[in-house]
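Shown next, in structure tokens, is the structure this report addresses.
Treat the numbers as computed from the prediction; the structure is a model and nothing was measured. Labels below follow one simple rule: chain letters A, B, ... track the order of the sequence lines, proteins then strands, and each chain is numbered from 1.
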Amino acid sequence: MSPETDLRQPDAAAPDRAVPVLRLRDIEKVYQTKTIETVALNQVNLTVNRGEFVSIMGPSGCGKSTLLSLMGLLDEPTGGVIEVDGRAVTSYSDKELAGLRNLKIGFVFQSYHLINDLSVVDNVELPLLYRPGMGGKERRQRALAALDKVGLNARTGHFPAQLSGGQRQRVAIARALAGGPEIILADEPTGNLDSVMGEEIIDLLLELNREQGVTIVMVTHDLQQAMKTQRVIRFFDGSQVG
Amino acid sequence: MLRHLFTLIWNRKRANLLLISEIFFSFVVLFGLGTVLITAGKNFLTPRGFESAQVWRLLVRAGQGQKMPRAELDDVLRQVKALPGVQTVALTSNNLPFTFNTNNSDFVYKGRKTPFANTYDADDHYAEVLRLHLREGRWFAPADDGTHHRPVVITENMRQYLFGDEPALGKIFRYPMVVKNTKPEHEFQVVGVVDNVRMTTEFDEAIPSVWMRLLPYDTTHWETAAVLVRVAPGQGGALQEKIARTVAGVTRQWSTEVRVMEDDRLHRRRYTLVPVVGLGLMGLFLIINVALGLFGVLWYNISQRRAEIGLRRAMGATGAGIGWQFLGEMMVVTTFGVLLGGLLAAQFPLLNAFDLPTQPYLLAIAAAACAVYAITALCAWQPSRLAARIHPAVALREE
Ligand SMILES: Nc1ncnc2c1ncn2[C@@H]1O[C@H](COP(=O)(O)OP(=O)(O)O)[C@@H](O)[C@H]1O
Ligand SMILES: [Mg+2]
């Protein structure tokens with residue numbers, strides 16, 4: 001299998017034949033600490049279809065990151081059901097969830113979360129390290145292909161500290177792409193970047209969505225960025241408001 | 001995954017330097033301790049080459065300014081031997097087994113010098129009292145009275161040093177210093193070879209030894225005489241008193257102390273073991289310190305790497321996988337430390353330091369490596385479990 005075939009090709013450009021990748025039904029998330037109980041999400045219903053680029057907006061503390069951690073199977077909801085490719089993951093074990101995350105989901109974080117002591121290409125290989133049965137050669141090949149997609153093939157041997165913020169976020173995007181995921185979840189990917197670099201990152205994500213057919217859910221504070229995406233979902237205080 | 005861990009540790013070698021040097025240090029300490037213990041243990045298990053059970057030693061003293069003529073000494077020995085319960089009596093020099101007295105010298109044969117060997121004076125009954133094991137030839141006998149050179153019996157290792165693989169019986173060797181008018185009795189003729197003996201402590205290796213026959217001699221200048229007595233099993237204080245009375249009965253001014261060789265052995269054992277135990281305790285204390293330090297550093301590392309752990313979980317690592325990764329990292333760090341330590345330790349057998357055989361060194365290297373891996377695994381265990389329990393959602397929490 002060539003690295004390309006695993007990255008989603010445009011879904012025959014058929015918006016009317018929507019294929020749900022991720023569906024949240026009646027999701028509720030309550031954080032219970034010793035002193036207080038925080039309702040982070042309340043009755044959220046949301047479907048992300050293949051090939052979509054969805055942005056999520058809302059004030060700080062309204063539950064956007066919580067929503068992304070549930071979509072990314074990093075946490076379990078207090079109530080409701082999460083479906084990946086039409087199958088509820090409610091009773092999945094830690095191992096099954098880890099396998100699903102590895103295969104289907106790519107993450108991009110506000111502060112990049114690159115491992116400083118690994119070279120760019122080693123960082124990009126990271127998700128493939130957790131894929132059973134994949135050899136070192138194929139990992140390297142896929143990582144290089146992903147770096148090529150984000151325009152960083154000249155920097156594969158560099159270390160994160162030698163890169164600008166925008167370049168680091170590109171590495172993080174390449175890392176998210178390397179595993180050939182169904183969907184990329186990005187939590188304020190431009191939050192640590194100046195507007196020029198931020199714009200570059202958004203353009204890259206738009207391009208990946210348009211040309212490679214990658215499904216993306218992005219949390220952002222920037223309305224202009226959000227307007228460039230196909231759908232904007234607004235949150236307020238744990239609930240969907242539009 | 002292992003390659004990934006090596007890359008990670010290698011790239012973090014600066015940060016891991018402290019850990020690696022602590023492990024290196026522990027390895028070296030354990031290696032030293034292991035070498036001492038293994039060598040001592042191996043020697044302890046080697047046959048001693050003689051039997052100390054039911055052997056007593058007498059220190060016969062002539063009174064102040066008194067002489068000790070041969071005739072009277074022989075009379076004393078004869079009378080002691082005649083006591084019921086006494087089996088054999090032998091006259092020897094005062095460097096008795098397990099005591100702190102030693103006599104030693106080097107020797108030459110055909111220009112080849114031996115290392116220092118323990119030398120003992122011994123009469124014709126000595127071998128019988130200590131039950132030495134003859135390999136070749138015979139022990140001293142009255143037939144030696146007329147010999148030109150001084151008859152000696154040597155140990156097997158002494159034979160190797162003197163004559164290599166050649167036969168020993170009848171050969172003549174001497175002291176290394178060249179003295180004018182060397183008399184025939186200053187040269188030594190081998191009449192027998194016995195098994196190696198370990199007479200100093202139970203933990204020392206066999207030292208090459210030479211027994212020189214007490215020639216018909218004048219003992220008038222002696223002030224003390226060392227006598228070995230083999231007694232029948234079950235003899236005790238009553239016989240000891242009888243011996244003391246017998247000695248005093250022969251010549252009024254003479255007296256004797258009776259000591260049990262088994263007591264000497266246990267006393268010497270304690271004396272030798274005290275520093276070894278002390279060293280062991282110091283080593284143990286050091287290792288515990290290092291282990292606590294490791295534990296702390298690992299604990300801190302993991303709290304520093306929460307974001308990385310969250311990231312790895314998000315990328316598809318299971319909780320258990322994270323735990324194994326951290327344990328594995330520690331094993332890789334340990335490997336670096338052990339390799340460095342092993343490199344140092346290997347110099348000892350390679351350079352033949354301390355003239356010890358290679359095998360205890362190799363055993364000590366293996367034992368120290370096992371111990372260090374066990375210690376670090378133990379220290380890494382709890383922090384690794386802690387890492388395994390870190391929630392994957394921390395990846396999305398911005399500090
Ligand atoms: N692990 C947690 N424990 C307790 N409360 C939490 C935890 N994570 C988030 N919260 C709370 O849940 C709410 C939503 O948080 P979050 O999803 O991070 O919001 P956003 O990303 O929109 O800023 C906040 O009130 C936050 O304090
Ligand atoms: Mg957030």
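Side-chain atoms of B:Arg313 never come within 3.5 Å of backbone atoms of A:Leu74 as a donor-acceptor pair (strictly under, hydrogens ignored). Side-chain atoms of A:His113 come within 3.5 Å of backbone atoms of B:Ala395 as a donor-acceptor pair (strictly under, hydrogens ignored). A:Asp117 places no side-chain N or O within 3.5 Å of a backbone atom of B:Leu8 that could act as its donor or acceptor partner.
To the nearest 0.5 Å, atoms CE (B:Met315) and CD1 (A:Ile105) are separated by 10.5 Å. Distance CZ/B:Arg397 to OG/A:Ser111: 13.0 Å, rounded to 0.5 Å. Note that the CG atom of A:Leu129 and the NE2 atom of B:His4 stand 5.0 Å from one another [nearest 0.5 Å]. Here B:Thr318 contributes atom OG1 and A:Asn102 contributes atom CG; the two are 11.0 Å apart, rounded to the nearest 0.5 Å.
Both the backbone and the side chain of B:Arg312 come within contact range of chain A, with heavy atoms under 4.5 Å apart. With a 4.5 Å cut-off on non-hydrogen atoms, A:Asp122 touches chain B through its side chain but not through its backbone. When heavy atoms are compared at a cutoff of 4.5 Å, A:Leu118 approaches chain B by way of both its backbone and its side chain.
Using a 4.5 Å heavy-atom cut-off against chain A, no residue of residues 370-384 of chain B qualifies as contacting. Along residues 11-33 of chain B, the residues that come nearer than 4.5 angstrom to chain A, judged on non-hydrogen atoms, are B:Asn11, B:Arg12 in order of number.
Closest of all the heavy-atom pairs between A:Tyr130 and B:Ala317 is CE2-CB, 3.4 Å. Residues A:Phe107 and B:Ala314 share a closest heavy-atom pair of CE1-O, 3.4 Å. When all heavy atoms of A:Asp94 and B:Gly319 are compared, the closest pair comes out as OD2-N, 3.1 Å.
Other residues, nucleotides and ligands contribute over 12 non-hydrogen atoms within 6.0 Å of the CZ atom of B:Phe295. Counting heavy-atom neighbours within 6.0 Å of A:Glu76 CD, excluding the residue itself, gives a total of 12 or less. With a 6.0 Å radius and a threshold of 12 heavy atoms from other residues, nucleotides or ligands, B:Tyr300 has its OH atom at or below the threshold. Remark: B:Met1 CE is packed, more than 12 non-hydrogen atoms of other residues, nucleotides or ligands lying under 6.0 Å away.
Contact of the B:Leu396 side chain with the A:Gln110 side chain is not registered, since no non-hydrogen atoms from C-beta on lie closer than 4.5 Å. At least one side-chain heavy atom of A:Leu126 sits under 4.5 Å from a side-chain heavy atom of B:Leu311.
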